[in-house]
Amino acid sequence: MTGTRVPEKPTLDGIEDRWAGVWDNQGHYTFDRTKTRDQVFSIDTPPPTVSGSLHVGHVFSYTHTDCMARYKRMRGFEVFYPMGWDDNGLPTERRVQNFYGVRCDPSLPYDPDFTPPATPDAKQQVPISRKNFIELCEQLTVEDEVVFEHLWRRLGLSIDWSQTYQTIGRNSQQVSQLAFLRNLKRGEAYQAEAPTLWDVTFRTAVAQAELEDRERPGAYHRIGFPTTADPLTKVFIETTRPELLAACVALVAHPDDERYQPLFGTTVTTPLFEVEVPVLAHTLADPEKGSGIAMICTFGDLTDVIWWRELQLPTRPIIGWDGRILSEIPEWIATESAISQYEHIAGATSHTAKERIVARLNENGDLVGEPREITHPVKFFEKGDKPLEIVTTRQWYITNGGRDPKLRADLVARGSELKWHPAHMKVRYENWVEGLNGDWLISRQRFFGVPIPLWYRLDGEGNPIYDEIMMPQEADLPIDPSTDVPAGFTEDQRNAPGGFMGDPDVMDTWATSSLTPQIAGGWERDPDLWARVSPMDVRPQAHEIIRTWLFSTVVRSHLEDNRLPFLNAAISGWILDPDRKKMSKSKGNVVTPMSLLDEYSADAVRYWAASGRPGTDTAFDVGQMKIGRRLAIKILNASKFVLGLNATQNDAAITEAVDKALLAQLAKTVEQATNAFEDFNYARALEVAESFFWNFTDDYVELVKVRAYSETDLAGAASAKAALATTLDALLKLFAPFLPFVTEEVWSWWQEGTVHRSPWPDSSTLAALAGDGEAAMVADIAEALSQIRKSKSDAKVSMRAAIETATIAANDHVVQRLTLAAKDLQAAGSIESLNFASAENIEVTVVLAPVAQ
RNA sequence: GGGCGCAUAGCUCAGUUGGCUAGAGCGCCGCCCUUACAAGGCGGAUGUCGGGGGUUCGAGUCCCUCUGCGCCCA
């Protein structure tokens, strides 16, 4: 009557596909939406970018979250564990262009019957509407997402696969646009003119992440600025961009620079353009660079933007979106001669303008000496071949406290409400919020993103009146203003005088990603679901995007619901190369996650991941995976042995002191693991479980083997079996969050249902079973056993070799405890006669039995 | 330049509110085919806890300082 189904030769092979299939069929991880908020543990899963491939870093951090999810499920929570795909953004845009041979032209109308070219030609890309383009993006990303899902299932993530979303999907667009409209209605979203990094070839704003520095030749031009007080005295600056002279708004030097201190607070006049500008002090001015005093233009580079902002300087742009000098005479160019100088460069490219300005400066004697050639880093769009300009454009912003001390203080307070794991990560959030000096720019001049859902009235000449915004009805979302028409207008009024135009921009990807709780949780779309899962219990994420993803999510939730979007932030570390450098994408892709799963098993890879403590960078280490694999195999074999002893019932009386001691130790282990998990420290929980497990197999199982087999000491055998069964049951549960496959495999040999919905072990129940058992006895026995083994090892004999007499010396208390285990010790060590003596520390002396020849 | 973190055995890392002789695994060395496991088991050796100073009866742990490394921000 074994009642068990233990295989002859347990193996890890094939268990992943088998159990992943069973879990899916039986819906173990499907969210039960009858559960109320207090019964739910909800996870704001990070949506991975699907345009690349998953690397070991993903496996690492997603495993951490899954361990927590599995733990919470066993604690009786209904876990809401969705999965999103981040397919919104430029990487996807590029893939679609190349894959289908198309390009997006937002001015085109939607063609519902469009089919991409059969033989895509990257050089002859077919222009299509934004809506068509987005449809193709969705088609292509769906294919990537299938591959990702397969990997996640193989890794054993206990995701509810009926809860998925795409950041470019209809639901995400709807949420993103709705949230934006709510921001707008409450006055939290606004448009303003502001400096933006701009690629003149692509005519798009460029994000900081897409910048790269390239070393380019340039030349310092030494130019004299007459002081206002005495026009015969000149201040000499050196600049690589003399063509921006007409955009000069100030000169700047370091506050400690004694050469220029007398000039601070005075004014100078720009050569050629005769504009009076102040001389100011700022620490970013480098006394070593050029003449130590620089001209600030709006805008030559990013430092100009900082100076402009921090010194509150006027905006005098002269470069247009096409990279040419603006044709219209700027209002600050006032004198007749200045106007004629400007007309000389109006409409020219910056290259031509530079030549002309230099020539004029030379003629006027404002240029000193020959330009001094240098090489310096210049910012480029990674895909562009012309240096970036900084142009002033109309953009949309959302308030984030950068310009509002009250909001800023409120957002800092939100950060303090949030429970951070590890706690020190909160400081990064605080530093970021306290250091903000501008609102959140959310508009982007791109195609593949969520459109800004607005139209503008056009005046009689066809120019947009940006103050006359037309919003869609919330019920009509999502909309695309490039193809949809505002209420009261018809399509033929698009871009016509007196008609309307759609906002051509899309939102920053963070403007959508900041709403993942709302997207996944059914905000406004499914209020019943939203009430059951929000605010989310945990946001797992990496530390480098605290300032972006985490912060922006807090902003949106604060503005919309006046609360946190999630209660805990679980911050994961990074995967480093074995040489401690951050693992690069190229290197990460050399070792694909799937090949690791094939080689070491999913449980083994998960073991490695779960060994990395929260927030700590961890080395990529196949050694840990080998250990994980060994642990999984050991669990199979140890379980087989325990079940082979017919130790499947745990209802017998546990009477032996050794057995009670084991359970006391187990109770302690469960308590520690539980506390660690409650603190989101899955790594600690794994460590204590593992440590107990090895002691269990190495010492306890060896110790009670003989007694458990005994057919004479029935009470002793029953006690051992009950302790073994109780311990195996608890161990499988302790390991289940980490090693879901092997624990489920073993569970299936002797239990019904799934281990992953079984209740987490309870330390007080185990402590009650342990009764007066002393946990410390386990260590005493381990020490005694170890010394007995050592004596055999030293004598180079088998562990089965008989010992004639053994004497264990120890202090009285330990001797008392070990006496209770004397019979088991004798059996385990093949000791004929066991004596005890008194000593400070445990010390075993043995006399080996003569070896029979 | 500002902030945060890290530094413990050859390697990867634990070490909770300060408290017994600082631990684990890998690797290394030795032993053992043992009726769960030889893709295994058992045992052994291995430390200036980055340097210096301080607080304390007592410091890997707390404070100061220096050095090196990483990340974020400017």
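Because the structure is a prediction, the values reported are computed rather than measured. Numbers restart at 1 for each chain; the letters A, B, ... are given by sequence-line order, proteins then strands.
Remark: A:Asp679 does not engage A:Lys419 in a salt bridge, criterion side-chain N to carboxylate O under 4.0 Å. Ion pairing between a basic and an acidic side chain is recognised when a charged N comes within 4.0 Å of a carboxylate O; A:Glu774 and A:Arg817 show such pairing. A:Lys668 and A:Glu671 are not joined by a salt bridge, as no carboxylate oxygen comes within less than 4.0 angstrom of a charged side-chain nitrogen. At a threshold of 4.0 Å, the pair A:Asp729-A:Lys733 counts as salt-bridged, since one of the basic side-chain nitrogens sits closer than that to a carboxylate oxygen.
Between the CG atom of A:Asn431 and the P atom of B:rC4 there is a distance of 7 Å, rounded to whole Å. In this structure, the CD1 atom of A:Ile788 is 11 Å from the P atom of B:rG43, given to the nearest Å. The interatomic distance linking A:Met799 (CE) with B:rC33 (P) rounds to 10 Å, in whole Å. As a whole-Å value, the separation of A:Met625 CE from B:rC13 P is 13 Å. For A:Lys9 and B:rU35, the NZ to C1' distance is 13 Å, given to the nearest whole Å. Atom CG of A:Asp621 and atom C1' of B:rA24 are 14 Å apart (whole Å). Taking atom NE2 of A:His813 as the reference point, atom P of B:rC20 lies 18 Å away to the nearest angstrom.
Between A:Tyr709 and the phosphate of B:rA36, there is a side-chain N or O to OP1/OP2 separation shorter than 4.0 Å. At least one side-chain nitrogen or oxygen of A:Arg613 sits closer than 4.0 Å to the OP1 or OP2 atom of B:rG15. OP1 or OP2 of B:rC26 has at least one side-chain nitrogen or oxygen of A:Arg630 nearer than 4.0 Å. A sub-4.0 Å separation between OP1 or OP2 of B:rG43 and a side-chain N or O of A:Ser786 is present. Put simply, A:Lys796 has no side-chain N or O that comes within less than 4.0 Å of OP1 or OP2 on B:rG43. Side-chain N/O atoms of A:Lys705 include one lying less than 4.0 angstrom from OP1 or OP2 on B:rA36. For the pair A:Arg629 and B:rA39, the criterion of a side-chain N or O lying under 4.0 Å from OP1 or OP2 is not met.
Side-chain proximity of A:Ala638 to B:rC71, B:rA36, B:rG43: nearest is B:rA36. Closest to the A:His543 side chain, of the nucleotides B:rC71, B:rG41, B:rU35, is B:rC71.
The same atom, P, is picked in B:rC26 and in B:rG43; the two are 12 Å apart, to the nearest Å. Distance check on atom P: B:rA7 versus B:rG50 gives 8 Å, rounded to whole Å. Separating the C1' atom of B:rG51 from that of B:rC69 is a span of 15 Å, rounded to the nearest Å. Between the P atoms of B:rA39 and B:rG44, the separation comes to 24 Å (whole Å). Between B:rC63 and B:rA22, the two C1' atoms lie 22 Å apart (nearest whole Å). Comparing B:rG15 with B:rG19, their C1' atoms are spaced 14 Å from each other, to the whole Å. One C1' atom belongs to B:rG5, the other to B:rU46, and the distance between them is 29 Å to the nearest Å. Look at the P atom in both B:rU8 and B:rG52: the space between them is 15 Å, to the nearest Å.
Looking at heavy-atom distances under 4.0 Å, A:Gln672 makes no contact with the nucleic acid at all. Within the nucleic acid shown, A:Lys790 comes within 4.0 Å of sugar-phosphate atoms alone, with no base atom in reach, counting heavy atoms only. Note on A:Asn675: nothing from the nucleic acid sits closer than 4.0 angstrom, heavy atoms only.
For the pair A:Asn637 and A:Arg789, both in contact range of RNA chain B, the more 5′-proximal nearest nucleotide belongs to A:Asn637. Each of A:Thr697 and A:Ala782 was assigned the nucleotide of RNA chain B with the nearest heavy atom; the assignment lying further toward the 5' end belongs to A:Thr697.
Taking the six-membered ring for Trp, A:Phe677 and A:Phe738 have ring centres closer than 6.0 Å. In this structure, A:Tyr600 has its ring center no closer than 6.0 Å to that of A:Trp608.
Across the strands present, B:rC6 finds its partner in B:rG68; the criterion is a Watson-Crick or G-U wobble pair with both atom distances under 3.5 angstrom. Base pairing of B:rC62 is made with B:rG54, judged by Watson-Crick or G-U wobble geometry with both donor-acceptor distances under 3.5 Å. Across all strands shown, B:rU12 forms a Watson-Crick or G-U wobble pair with B:rA24, both key distances being under 3.5 Å. In this entry B:rC33 has no Watson-Crick or G-U wobble partner, no candidate having both defining distances under 3.5 Å. For B:rG47, there is no paired base (Watson-Crick or G-U wobble, both distances below 3.5 Å).
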- request: Start with the C-alpha distance between A:Trp308 and A:Phe299, add both sets of side-chain angles, then the distance that settles ring pair (Phe, Tyr, Trp, His ring centres under 6.0 Å), and finish with yes or no.
  value: CA-CA 9 Å; A:Trp308 168 79; A:Phe299 298 94; 5.0 Å; yes
query: Passes salt bridge (charged side-chain N to carboxylate O under 4.0 Å, His left out), A:Arg789 versus A:Asp699? Steps please.
result: CA-CA 11 Å; A:Arg789 286 169 181 149; A:Asp699 299 333; 3.1 Å; yes
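The base of B:rA36 is not paired with the side chain of A:Glu8 by any donor and acceptor separated by under 3.5 Å.
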